[in-house]
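Reading through the structure tokens given below for one structure.
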Amino acid sequence: MRKKIVAGNWKMNKSMDEAMILASEVVHMVKDEVNSDVQVIIAPPALYLTTLQKHTEPVANMGIAAQNCSNKASGAYTGEISASMLKSIGVTHVIIGHSERRQYFNESNEQLAEKVNIVLENGMTPIFCCGESLEQRQGEGFFEFVASQLTEGIFHLSSEDFGKVVIAYEPIWAIGTGLTASSAQAQEMHAYLRGHLASKYGQAIADETSILYGGSCNEKNAEEIFSQPDVDGGLIGGASLKSREFTNIAKSF
Ligand code: 13P
């Protein structure tokens, strides 16, 4: 059985006080309301991870993610945060290769592959993001493009390490636009990607890999999207900034 996962990517939002309130509300609601077989992850800005980790840690089905990490182990890289630092404060997951990092910070698949390695070496779970732009969606070859992001970012891994990775399919045209992929479009891509995983690692490993959908997912559309056979949860942006809505999404399976 694949893990069901709902992760909230807060991006660059919230003050410290607001972050503490949001996290403690989410933690209480998850404890009281969310099925224990659903893993709920929050990904606050890095500055708040140390504090908020103490909120999530006591809850068995909760995790805390960084939104990024350095591809370097340590040293003279001003402003960067290493995977080992994240590990040392109890971070469980790291989002790697979000389209905003690829787009605004020019992160290449090569760098992302290094980040995936360093996250795994430090015993955390990479949430590896992929997804096509609107232009690509309107043209041809977007399935192959998204598959190539996986090939270049994670297909160097051994089967054992690959089994520790979570994938998030986030069509760029659906991120923050209110334009969600239809559940059929999400299912179509997820099934295609699972086939791609199977071609490299075999069906059994592909069937164990959680593939999350991200892009304007909210409490109204989550149930329909999560009901698709190859959709194993969501990576939630805007709707993760409201505790009630985020928890409702986590209850949508
Ligand atoms: P929205 O849910 O705001 O569209 O963002 C999705 C996302 O980028 C999550 O990583």
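In each ligand, atom 1 is the first atom listed, and ligand 1 is the first ligand listed.
Residue contacts with ligand 1: Glu100 is placed with no nitrogen or oxygen under 3.5 Å of a nitrogen or oxygen of the ligand (distance criterion only). For ligand 1, one of its N or O atoms has an N or O atom of Gly237 under 3.5 Å away. Considering backbone and side-chain N/O of Lys11, one or more are found under 3.5 Å from N/O of ligand 1.
Ring planes of Phe155 and His196: parallel class, angle under 30° (limits at 30 and 60°).
Those atoms of ligand 1 that come under 4.0 Å of a heavy atom in Ala174, given as number and element, are 4 (O). Less than 4.0 angstrom separates some heavy atom of Gly215 from each of these atoms of ligand 1: 4 (O), 6 (C).
With respect to atom 9 (C) of ligand 1, the closest heavy atom belonging to the protein is Glu170 OE2, 2.9 Å. In terms of protein heavy-atom proximity, atom 3 (O) of ligand 1 is closest to Gly238 N, 2.8 Å.
The closest donor-acceptor contact from the side chain of Asn122 to the backbone of Ile118 lies under 3.5 Å.
In the hydrophobic clustering, Ile175 connects to no other residue, as no ILVMFWY side-chain heavy atoms lie under 4.5 Å from its own.
For Gly176, the closest heavy-atom approach to ligand 1 falls below 4.0 Å. Taking a 4.0 Å cut-off on heavy atoms, Ala168 fails to register as neighbouring ligand 1.
The proximity of Cys129 to ligand 1, defined as any non-hydrogen pair under 4.0 Å, does not occur for either the backbone or the side chain. When heavy-atom distances to ligand 1 are checked against a 4.0 Å cut-off, Asn9 comes that close only through its side chain, counted from C-beta outward.
Considering CG of Leu212 and NZ of Lys3, their distance stands at 11.5 Å, rounded to 0.5 Å.
Taking all atoms of both residues into account, the shortest heavy-atom contact from Leu49 to Ile89 is CB-CD1, 3.7 Å.
Judged purely by distance below 3.5 Å, without hydrogens or angles, the side chains of Gln111 and Asn71 never pair a donor atom with an acceptor atom.
Residue-environment remark: NE2 (His28) stays at or below the threshold of 12 foreign heavy atoms within 6.0 Å.
The side chain to side chain donor-acceptor pair (under 3.5 Å) search around Glu223 returns none, not counting sequence neighbours.
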